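Below: one structure, written as structure tokens.
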Amino acid sequence: MGLSKDELAAAVARDIPAGAYVNLGIGQPTTVADNLHPESGVVLHTENGMLGMGRAAVGEEIDPDLINAGKIAVTEPPGAAYFHHADSFAMMRGGHLDVCVLGAFQVSARGDLANWHTGEPGAIPAVGGAMDLAIGAKQVFVMMSLFTRDGRPKLVPECGYPLTGRRCVNRVYTECAVFEIEADGVRVRETYGISLTELRDRLEVDLS
Amino acid sequence: MGLSKDELAAAVARDIPAGAYVNLGIGQPTTVADNLHPESGVVLHTENGMLGMGRAAVGEEIDPDLINAGKIAVTEPPGAAYFHHADSFAMMRGGHLDVCVLGAFQVSARGDLANWHTGEPGAIPAVGGAMDLAIGAKQVFVMMSLFTRDGRPKLVPECGYPLTGRRCVNRVYTECAVFEIEADGVRVRETYGISLTELRDRLEVDLS
Amino acid sequence: MTATEYPDPDQAVAGIADGATVAIGGFGSAGQPVELIDALRRSGPRELTVVSNNAGNGDFGLAALLAAGRVRKVICSFPRQSDSYVFDELYRSGRIELEVVPQGNLAERLRAAGAGIGAFFCPTGVGTALAEGKEQRTIDGRDYLLEYPIRADVALIKAHRADRMGNLVYRKTARNFGPVMATAARITVAQVGQILEAGAIDPEAVVTPGIFVDRLVTV
Amino acid sequence: MTATEYPDPDQAVAGIADGATVAIGGFGSAGQPVELIDALRRSGPRELTVVSNNAGNGDFGLAALLAAGRVRKVICSFPRQSDSYVFDELYRSGRIELEVVPQGNLAERLRAAGAGIGAFFCPTGVGTALAEGKEQRTIDGRDYLLEYPIRADVALIKAHRADRMGNLVYRKTARNFGPVMATAARITVAQVGQILEAGAIDPEAVVTPGIFVDRLVTV
């Protein structure tokens, strides 16, 4: 019961419109790329200065000057474009990306996002492009497990972790369900191997 | 007595340091270019998006896509670079040009510049890049006749025409004299066929 | 969404509504998308606000659009030119509104719109008539005016070549306002000399990435 | 003034004073001007403030500069990486100061410094811990924070090639912060693979015009 990580990536990929410009965050969101069909014409943005980013590079393709935001070597398909960091973030912050897919520690019922900092005293703060991504894209999709390892929900009434952005998440993909964050509350779009009643039992968020 | 227009252009050109980045305003300042020796390595900026601008184009060199700020066809010498308008004005406004040479209706003793608008009721206002040029360059040189056709001075205690920029002019080149606008007043650097006493008689500005 | 190719300028400019704000590229004639402007004139929307560096030359392109009575207001830096007689006549007879913006502010305000900047403090125009009504602030000892973004509903621009991804390169100083206007508009229409296969433009030399281009037409 | 060519990195970085703010290009290792950083470390200035996206990888380049105790403060977006052990150790032991800046703000604040912008309203970080102490304003219904320029005394960057005019081109995603840092510094030092004759770089493809480059060195 519930979706595997691969199935979750495929579910996100299915919802990305043909021809969309998309930024996939570091970590799990990166796996969405493997589920995008080339004929969909989806164009990937990487905030370190490239549009039309290709797949992970292998063997002799690896070029230390050609990496993604996670510092993984990638390839350059035909039709790519390079630009500097200010232009890249202007592109993002100016609202030109259609979709951005991010991981999260927590998402609130209002669409607040917490994904940059655990807030623990010893942790070294590092925000990278997370706050820019959160507020920039036309639609922000979050991809996460619905519960922590010790069973606490990550879709919450109020985020306990430090925020990355306020009211910025449009949709949350989890192994149990897809949630739409709407102006008047959270709507469950689909469930996977769990009933709505059971979801309501396990979350402290009103669901419709 | 006094400098001819050609001599004035040559006087300005002599004061432009070797290797400087320079913007020459529309009209009379353009003639400074003809007095710059190629070996000086002075690089011309035109605000419509080019560094390393060449001389006026002639005959078959004329290309409607290659013009200067005065919309005159120019040439592209080796080592030129093109950029868009926001980058071009960022370059100017960010203080990267060493010298800008502008024409003027009036300059005040404090270095205020009036060169964009006569303020007459019928006149159609048109500012172009004048206000950006006035505040951007490290040094702003003005090149003008010292008197209007009816004999009124153009170096004045206070500008009567609408301002282009406040306290932005560093030096004024005229057919009669070169004036340095300094923090504590106007200093006459050179005179041409006129005595300092005579200049003091004809101007209402304190001169040292 | 990736750029769509249109068979002719008329179809490429279809759907521009009355009252729209239209950014039009070009510095004088260089980079002016004449065929798109002509198509816009034929397609008939009225009460347009035009954002462009100049207000038309001679009686073609932008000047012809003004002459056809389609433009309510022009936002530009330099309307008055030796051959701007169409604009001059409309302005003097009170039939067109004019907002004069310093050229650098025009470019930077368009960039701000494209870059998600809400407003910015800029040194141009402090102490001049164009500062009237603007918020002024001293930062680190220098005076600045607060300037706001200029957003356009549509941008009409001219580039040299495109590829099928919508990536654009320009030609010499005809580049001018095209790249910033492309970022500032909801819909950017680019007329180009040629549309090439993806990969035919060097990724290092792309000036406007395809993300900023919605409609492409070869003229 | 046009760029000067230097025979080696040590001479290219000469004269950087104690306490200087040094912008260092690169995103991780891509575009990091390792030879210039090594020369800076050998030349000995102390109490530096480093502006860079990261805080060093492994024990080379920026990490080695930190390890040598030359840096008082790092302004960056992402110090913590899998191999940022030099920084981590300095930070945890309180021997280095850290200012975390969202990556887009880092880029835009450097650009603002280069473009003469006094400050700008930006949507990033509203409602977060990084908004603390910042001026907030609602413009057209959206909330923004006021961000100030980051000016550098010196920028150390890496480009692919230069021409003798100082025009630069970069290579793939190694471009990253180089072009904006070049505009934000009083003195920009660029290490390049090759310095070509004027005219050898296509004027349409220049990324950093020579006006932003003061010193050039081939490594």
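Quick caveat, the model's predicted, so the values are computed rather than measured. Values reported hereafter were calculated over all heavy atoms of this structure, with side chains retained and with hydrogens, waters and symmetry mates removed. Each chain gets a letter, A, B and so on, in the order the sequences are listed, and its residues count up from 1.
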Point to revise | When Ala69(B), Gly165(B), Pro162(B) are compared by non-hydrogen pairs under 4.5 Å with chain C, the top option | key: Ala69(B)

Check whether any side-chain heavy atom of [X] sits under 4.5 Å from a side-chain heavy atom of [Y], and report yes or no.
{"X": "Arg171(C)", "Y": "Asp63(B)", "value": "yes"}
{"X": "Asp132(B)", "Y": "Glu108(C)", "value": "no"}
{"X": "Leu130(C)", "Y": "Val127(B)", "value": "yes"}
{"X": "Leu98(C)", "Y": "Pro125(B)", "value": "yes"}
{"X": "Gln103(C)", "Y": "Met131(B)", "value": "no"}

**Study point:** Under the salt bridge (Lys or Arg N to Asp or Glu O under 4.0 Å) test, residues paired with Arg95(C) that sit two or more places apart
**Key:** Glu89(C)

Practice item. Identify the two heavy atoms, one from Ile124(B) and one from Pro79(C), that lie closest to each other, and give their separation to 0.1 Å. Key: CG2-CG, 3.9 Å

Exercise for review: Evaluate the criterion side chain to side chain contact (heavy atoms under 4.5 Å, CB included) for residue pair Lys172(C) and Met50(B); output intermediate values, then yes/no.
Suggested key: CA-CA 8 Å; Lys172(C) 305 189 186 283; Met50(B) 184 183 195; over 6 Å; no

Study note, to complete from the structure: To the nearest 0.5 Å, atom OG1 of Thr128(C) lies from atom CG of Leu163(B) at 7.5 Å

Point to revise | Which portion of Val207(C) sits near chain B, non-hydrogen atoms under 4.5 angstrom | key: neither

Review point. Measuring heavy-atom distances to chain B, does Leu106(C) have an atom under 4.5 Å in its side chain, in its backbone, in both, or in neither?
Key: neither

Review point. Is the shortest side-chain N to carboxylate O distance from Arg175(C) to Asp65(B) below 4.0 Å?
Key: no

Revision key, fill the gap. Pair count under 4.5 Å, heavy atoms only, with chain B: among Tyr91(C), Phe78(C), Phe87(C), highest is Phe78(C)

Check your understanding: Around atom NZ of Lys134(C), are there more than 12 heavy atoms of other residues, nucleotides or ligands at under 6.0 Å?
Key -> yes

**Study point:** Residues of residues 73-92 of chain B within contact distance of chain C, non-hydrogen under 4.5 Å
**Key:** Glu76(B), Tyr82(B), Phe83(B), His84(B), His85(B), Ala86(B), Phe89(B)

Revision key, fill the gap. Residues 8-37 of chain B vs chain C, non-hydrogen distance cutoff under 4.5 Å, contacting residues -> none

Review point. Can you list every pair that meets ring pair (Phe, Tyr, Trp, His ring centres under 6.0 Å) and has a residue in residues 97-123 of chain B, with sequence neighbours left out?
Key: Phe105(B)-Tyr161(B)

